Amino acid sequence: MARRKIIAGNWKMNMTPSQAVALCAELKDLVKSDSVDVVYCVPAIDIVPVAQAVKGTNVQVGAENLYIEDKGAYTGEISAPMLVDAGVKFVIIGHSERREYFKEDDAFLNKKVKKAFEAGLTPILCCGETLEQREMGVTMDWIRLQIKSDLVGITADQVKSMVIAYEPIWAIGTGKTATTEQAEEVCKGIRECIAEIYDQATADAVRIQYGGSVNAGNAAELFAQPDIDGGLVGGASLKADFGKIVNY
Ligand code: 13P
């Protein structure tokens, strides 16, 4: 069964609302594609203008975060129903920057994954090892622990519809991409982990992205790997190069 590739930009904390609209206009023709899914995961304040700007195009809108409650006294947070109402389809959960700077742990991230599904959002669940973990040889043990903990109570059908992003922390924003072999090895390992927890059909259906210094020059080789179903792109998603990545 062929999995459709999904190329998502993670804008992180970049682009004011007016810059966001300008970027959507700049990328509009460049990211046209019938063969891959294209998603812009944007800062909360950009969601409404970006949703407007990409209306009628092949681009879908994603959020970079959500909170685990639907409403109430949680100053500064954004709920899943708010995202859905604004036209969001995808939500990044467990990015290493949130794990590190905002101390989000796997038990909390598991609640976020559940909340996303409950609201009808598609999670893009991130995992990845530090350089130290890679050098110690515990990469796959660590990633299996992240995946297993984050997916507690999630059904096979839900997993089939979601996206997992493998992002080695040492490759994020460093210009140091994992080699194609390293990226494929871990993405394959994640798929095997899903087959163990669920079954082979679920493992065959879930889409697994690679992220970490993806650019116009390395995208084609990465995305050609049997277990890599696209990319989660940071820096290169903020410029015209993103069109080249989408049309690798
Ligand atoms: P870069 O592409 O800038 O390395 O960022 C990767 C990333 O963190 C995407 O979520």
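These numbers were taken from a predicted model, which means no experiment stands behind them. Counting convention: from 1, in listed order, for ligands and their atoms alike.
Between Tyr74 and Tyr67, the ring-plane angle classifies as tilted under the 30° and 60° cut-offs.
When non-hydrogen atoms are compared, ligand 1 lies under 4.0 Å from the side chain of Asn10 (C-beta onward) but not from its backbone.
Each of the following atoms of ligand 1 lies closer than 4.0 Å to a heavy atom of Lys12: 5 (O), 6 (C), 7 (C), 8 (O). Remark: ligand 1 atoms within the under-4.0 Å shell around heavy atoms of Gly212 are 4 (O), 6 (C). Less than 4.0 angstrom separates some heavy atom of Ala171 from each of these atoms of ligand 1: 4 (O). Using a 4.0 Å cut-off to heavy atoms of Gly235, the atoms of ligand 1 that qualify are 1 (P), 2 (O), 3 (O). Every atom of ligand 1 is numbered from 1 in the order shown, and the set under 4.0 Å from a heavy atom of Ser213 is 1 (P), 2 (O), 4 (O).
Atom 9 (C) of ligand 1 has its closest protein heavy atom at Glu167 OE2, 2.8 Å.
For the residues Gly231, Gly173, Ala236, Gly234, the heavy atom positioned nearest atom 4 (O) of ligand 1 is part of Gly173.
No path of Ile, Leu, Val, Met, Phe, Trp and Tyr side chains, each step under 4.5 Å between heavy atoms, connects Val163 with Val84, placing them in separate hydrophobic clusters.
Considering Glu129, Lys188, Glu185 in turn, Glu129 is the only one that fulfils the side-chain hydrogen bond (donor to acceptor under 3.5 Å, both in side chains) rule with Tyr166.
Not counting sequence neighbours, Glu69 has no partner by the side chain to side chain donor-acceptor pair (under 3.5 Å) test. Contacts of Trp11 classified as ring-ring contact (aromatic ring centres under 6.0 Å, His included), with partners at least two apart in sequence or in another chain: Tyr40.
Between Thr174 and ligand 1, no N or O atom pair is found at a separation short of 3.5 Å. Looking at Val233 next to ligand 1, no N or O pair under 3.5 Å apart turns up.
Counting non-hydrogen atoms of other residues, nucleotides and ligands closer than 6.0 Å to CD of Glu221 gives a total of 12 or fewer. Summarising the local packing, CG of Leu145 is surrounded by more than 12 heavy atoms from other residues, nucleotides or ligands at distances under 6.0 Å.
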